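In what follows, chains are A, B, ... by sequence order, proteins preceding strands, each numbered from 1. Worth saying up front: this structure is predicted, and the values here are computed from it rather than measured.
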Amino acid sequence: MLMNHFWFLDHAWLIPLIPAISYAVILLFGKRYGERAAWIGLASIGSAWVLALGTVVQWISHVNDSEGAEARGVVQSIGGMVRNIRLAAESKLHVEPIIHSTTWFQNNGFKLNVGIQIDGLAVMMLFVVTTISLLVHFYSTEYLKGDRRFNHYYAALSLFSASMLFLVVASSTLQLLAGWELVGLCSFMLIGHWWEEKPNSNAALKAFLTTRTGDIGLLTGVIMTFFVVQKYATMAGGKGTGSFDIMKVNEAAIGLGEHGGSKSLLFWCAAALLLAIMGKSGQFPLHTWLPDAMAGPTPVSALIHAATMVVAGVYLGARVYPIFYQGFHIAGGTINPMAAIGGATVIIGAGLAFVQNDIKKVLAYSTISQLGYMVMALGVGAWTAAIFHLFTHAFFKANLFLGAGSVSHSGANHSFDMKHDMGGLRKYMPKTFITFMIGTAALIGIPFTAGFFSKDEILAVAGENNFTFFKYLGLVGAVMTACYMTRCVYLTFFGEYRGGHADAHGAGHDVGHDVGHDTHAYVSDDHATPIHDDHAAHAAHDLHDAHDDHGHHGPHESNFPILAPLFFLSFMSIASGYLLSPMLKIEKFALWVEPHFGDDKHFNVFEPGVFKAIDPILAVAAGVVGMLLAYAFYWKKAYGENITERNGALRAGKNFLVNKYYLDVLYTDIIVGGVKGPIAQAAYWVNQNVIDNVLRYTGKGAAGAAQFVYKYIDQKGVDGVYNGSASGAGALGGLARKLQTGRVQLYAFTVLFGLGAIALLLVIFN
Amino acid sequence: MSHLLAFDIPGGWGTTLGIKTLIVMGLIPVGALVLGYTFLLKMMSHMQSRVGPMDPGGFHGWFQLIGDGIKFIQKEDIIPAGADKRVFKMAPAIVVMSTFLMFVVLPAGPNAVVAGALHKGQGGIDVGIFYALAVSSLSVIGVLMAGWASSNKYALIGALRAAAQLIAYELPLVLAVVGVVVQAGTMNLQGIVFAQQQGKIFGWSGIGSPFILTQFVGFALFMVAAQAELTQPPFDMPVAESELVAGYMVEYTGFRFLFFFIGEFGTAFVYAGLAATLFLGGWSIPHVNGEIANWIGPIVLFVKIMLVAFLMFWARFSYPRLREDQLQALAWKWLIPISLINILVTGALKVAF
Amino acid sequence: MLLNQFLLLSAFLFGTGIYGVITRKHTVLVLASVELMLVAVNINMVAFGATLNNAVGQVFALFVLTIAAAEVGVGLAIVLLIYRNLRSANPDDASVLKG
Amino acid sequence: MVAQNVAFWIFAAFMAAGAIRVVTTDNIVHAALWLVLVLAGGAAQFILLGQEFVAWVQVIVYIGAVIVLFLFGIMLTRAPMEAEEKLNNNLRWPGLAAALLFAGTLAWAFLDQWGSDKIKLTKPVRTKEIGDLVFRGYLVPFEVVGVLLLAALIGAVVMARKD
């Protein structure tokens, strides 16, 4: 064998390295090559993708080899590559990760190791990240053609991929932290790619600052993991030394949990890390940055939502899962913070998706909701299901985002406003329509698409683990998902085309699409800050417009660089589901990605769910109900036009959602607005008649008493005391002021002489 | 006889110290004169077609240097009226002293180190090259003293320029040497020589391992920085005749000026010696060891010094003067980053191999 | 050699430094007096290191030296600022805080 | 040991005289030059104690850089040739009191604690030991000092630049 079995696995560090080099090259030499710089990025991510594919193939064959007992000899003969393959109880087998680490520095017995840790989880992530990133790179060659910072865009894209891949292969929590921060930085750069417009830079800042809030949690959590290891080592006897190695952290967490050591440390560690996940993965209440992040270019949104930024949080949760499992007592089947946050996010995100007019925002809130599913799945002990959902979601959400980009780019004059600039597009762009429908089907969970399998898995395992509440919460979420996605598809692809004539629109939103750039949809959507005079910014877009003059000739189908990723992702949106399905007796995915956390006997949460016919039926029923509701409501207008305007209750509900649960304006709007109306009237009457009278008479009595107090007690007694002490303080201050000579050297003398005197006293009395 | 060459002088420490002091005090001016004669007078005259220095004494103007010396010594020793007399008088001595102190650690053979008695058997003091660089920084004080005590604006500006320049270029100088020290694993100059003599290049020990092959970046940095430390063209703003009429030396005459002259060329001699030792293998020839090395060591070293000095003076007579800001920019923006990268790479390779 | 002879020398230098810090009328000279005190500290550390026959004293002296260098850098920058604003390097002139 | 004692007292005398001149001379440049003497004497004491490396660090950092910076600063602002009117302020007696108090207390404590401890030099400290110590035992302080130097560098540049 020329190249041994593990070449790709052993050299996984090349995968983040190549895009990182590409970043430097594009940044340093990009100007020289103009738009050809894109090919540097494309080539780098392409080679990373090939390497990732190699790791996938080798890992799968490795796992398959390890399954058969006769193959053990071969594996073991490889020697130092794999430490050893242990057969756990009931012949359940976890393949040990491949770890190559080197000591970066050591201090006093503590070693800081850096290196790579490759296991099924990491391999899966490598595949997802490189795949999505490759498609996004390719897509962007067309989508961002003529952009003013084309090179910087590709440089940032490369660094983004590199840092996410670095985070994935990290073997220590400190490396993870570094990758995490780099990912945050890159998302900041990319969200604010068109920073000349104020809303964009605001969105970038908001994303950065909000996730930074969560990062505090990560920093705290990472520091605490060190002490988790130390505690466990001390418990085992001897001088405990902490460590940041992920393997050791996991082992220690399991050990501490099983042996009853320091539960509170584990709990707070888990809580801190959960805060990090909340920030990064857009969990309620830190989700507000995610929809604003739509200000970035659409391919970036796809990358952020499918493969890199937000997924990092879920990946962290999966990576150090034992900490959560033990810290939150997930085995107990009671409500725990992680599941609660995830469940709340499912409903809240889905609810907000109803009222968005911006197609990207619908998808953004949908992402929040789906991330909620993942976190909830982690919280209810459905590790495999969570990761599987991450896997399938990456493909169909990237598909949807890139589809939305295609719609906007070629069909809606660079606007994202569904209500005003889209509609009826299925006739104009049939290919985009088909891919978008496949993505939607997967998201809703139409049977035999990827989303169906993965969402079903989460619900089934939640039920199995006695988290019945969360199971039904998930079903409600599924209904809502079906509903808002049907609405979204209806508004975009069905009905009559509403775009194309700028003067036909209301004044409120024409700012948005006349500009000819997608970011402005963000502005028009809020109706809050219409910017009318940013023509300077338009000028900067002229390059784009010049290339893009077809935008004025009506909607049409996109061309190859945009469609090719869509087709591939559509295929994956269906195919990726067939890796794990208890229904079809496929458990490959669970087998391949299940990680090794160091203690198989006590820690085994990776079993896929047991198939029960009722689960998929419920899920499908939820989807159908949701679709029917939306069909009736939006399509057929069963309740007539504009029911939300006519019916008070529905209007209130809609407004509630439009205002994003009033989170942004919680205090002003609820307190000030709620008191208006009948409550205020009644209060006013009570105020005028009851309270005022009481007060009036009380006041008169009080005034009399006050006169007396004022004349005799206050003026003479109390004031005398205060005046006296004030003038005394003044006099003292005047004395003390003399000490403030402003002469530094006199101060120095005082300090040094005093110090000397104290030293003398110490010497005398010692 | 080889005792004497090896500086292993019989007698008490007093005698040894005295003789060694005499040797150093003799060698430095001789070295300075050799460099001055060979390069300043002859080489420059040939390069720049000057006839004056080729004339006195007949054959190739052999008498020129001696005549200059006599002229300096017999001149009146003038101290400006407004000068700070003590400081003014002390300044040239400090400059020359720094040169003398540097020379002490330069090994000329397996046993021939002037400062060898401190740790016998180790050959020279432990921190050899570091010591040399440390005492070389003393000359800045002398220059500042000279410039300030002269009570002359040109002198003061020259001294300030010199101080800024010497401080700026001391960093790349030291950092360039760090690469060699890392590779040799010792700061002892004798150890560095042995590391080069007995080293191997890819397993081949034919020419030893002169560090100029592996530390060529360091060598280039060292030569540039040394040129600046010597305030020679193209870095001669402190003494620029056309702007500052010789800078901090402007008020000095007679033998005090001669001191500065000796200091300048003596320091060039020592820097060339250090460069030869650090990068060219010093006194050593690969595979030549034992008693014979004591004999040919000084000769080999001298040849290498002349080689390096030739490079220095070649540059000196070829390039025009830089501007003050260009000089600082060169040091801070180019030499120091490059030398830091050089250290980084050297360290990484040292760990890797 | 007695340990004490080094310690006493350092005590003397330290005292001199204190005198200088309090009395000098030029900010640079105040800094120079601080350097005197730091040298005294270094002598102490190195003397103790030599007594214990290890290199720890030297290492600490090195740290002190480094910090002294940083202190001089920042200190001289401050002096330059004071001089630029007040046209004087006398610490007594920088008496804005006078009560 | 006699020779070393003699050397010590000679150096100590020079250092003491230099230190006194540093705080009393009326010429700023002279004060800086006297400080050179004290620092060089300190380096000599280090060598007497067999601590070579720190001695040369003292020379290269203090004499080669710090003093030059001092002189540079003095000459950049103003470099008077004649002695100033007076370089000491009216705090002479308080200063002397503080100095005596401090030095006296220290001396008393030293004499009390290490009355007759002798320094037995076995061998000079090799540079290798220092390297091992700095990069192993004191790695974190070393890194911290590095960061401090960087901060000082940036701080000095920011403060001194003219805007």
Side-chain angles (χ1 to χ4, degrees), chain B residues 13-14 80-84 86-88 90-91 94 98 101 105 118-119 122 125-145 147-153 156-157 159-164 166-168 170-171 173-174 181-182 185-188 191 332, chain D residues 3 7 21 25 27-37 39-40 43 46-48 50-83 123-131 135 146 149-150 153 157:
Chain B
W13 64 269
D84 188 322
R86 270 186 303 168
V87 178
F88 185 85
M90 239 191 303
I94 286 180
S98 138
L101 287 177
V105 280
L118 219 68
H119 307 301
Q122 309 285 346
I125 63 177
D126 188 33
V127 291
I129 180 64
F130 185 58
Y131 159 85
L133 296 174
V135 293
S136 84
S137 68
L138 288 182
S139 66
V140 193
I141 301 277
V143 169
L144 274 175
M145 282 162 73
W148 176 77
S150 297
S151 184
N152 178 317
K153 272 181 193 144
L156 187 63
I157 293 173
L160 286 179
R161 281 187 180 188
L166 295 191
I167 285 210
E170 195 161 308
L171 276 168
L173 190 74
V174 174
V181 171
V182 167
T186 175
M187 289 205 266
N188 186 332
W332 294 102
Chain D
R21 291 303 288 156
T25 179
N27 188 321
I28 310 177
V29 176
H30 284 184
L33 294 177
W34 282 114
L35 187 59
V36 173
L37 187 69
L39 297 169
F46 295 161
I47 288 177
L48 272 186
Q51 319 268 331
E52 226 175 15
F53 187 72
V54 76
W56 300 119
V57 173
Q58 169 124 335
V59 170
I60 200 169
V61 172
Y62 263 131
I63 302 176
V66 170
I67 296 290
V68 173
L69 270 184
F70 276 162
L71 287 171
F72 211 76
I74 294 167
M75 291 178 191
L76 266 188
T77 49
R78 52 189 180 147
M81 287 300 301
E82 281 79 39
K123 57 176 178 17
V125 175
R126 315 297 296 183
T127 316
K128 192 175 178 307
E129 295 174 39
I130 300 165
F135 289 105
L149 270 182
L150 182 67
L153 175 76
V157 169

**OP:** Tell me, for Leu160(B) versus chain D, whether the close heavy atoms (under 4.5 Å) come from the side chain, the backbone, both or neither.
**Re:**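 Backbone plus side chain of Leu160(B), per the 4.5 Å heavy-atom cut-off to chain D.
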Subject >> Proximity breakdown for Ala164(B) and chain D, heavy-atom pairs closer than 4.5 Å >> reply: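 Looking at Ala164(B), backbone and side chain both touch chain D.
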Identify the two heavy atoms, one from [X] and one from [Y], that lie closest to each other, and give their separation to 0.1 Å.
| X | Y | answer |
| --- | --- | --- |
| Ile60(D) | Glu170(B) | CG1-OE2, 3.5 Å |
| Gly64(D) | Ser137(B) | CA-OG, 3.6 Å |
| Ala163(B) | Val68(D) | CB-CG1, 4.0 Å |

Original post:
Met90(B) and Leu33(D): side chain to side chain contact (heavy atoms under 4.5 Å, CB included), yes or no, with the steps?
Top reply: CA-CA 11 Å; Met90(B) 239 191 303; Leu33(D) 294 177; over 6 Å; no
**OP:** Could you have a look at Val59(D), Val61(D), Leu69(D), Ile67(D) and say which one has the most heavy-atom pairs with chain B under 4.5 angstrom?
**Re:**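 Heavy-atom pairs under 4.5 Å are most numerous for Val59(D).
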Rounded to the nearest 0.5 Å, how far apart are [atom1] of [X] and [atom2] of [Y]?
| X | Y | atom1 | atom2 | answer |
| --- | --- | --- | --- | --- |
| Trp56(D) | Leu133(B) | CH2 | CG | 12.0 Å |
| Lys128(D) | Met187(B) | NZ | CE | 12.5 Å |
| Asp84(B) | Asn27(D) | CG | CG | 6.5 Å |

Subject >> Whether Phe130(B) and Phe53(D) hold their rings parallel, tilted or perpendicular, with breakpoints at 30° and 60° >> reply: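 Aromatic pair Phe130(B)/Phe53(D) classed parallel.
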Subject >> Contact winner vs chain D - Val87(B), Ile141(B), Val140(B), heavy-atom pairs under 4.5 Å >> reply: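 Of the options given, most contacts go to Ile141(B).
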Original post:
At a heavy-atom separation under 4.5 Å, does Val57(D) approach chain B through its side chain, its backbone, both, or neither?
Top reply: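 It is both, since atoms from each part get that close.
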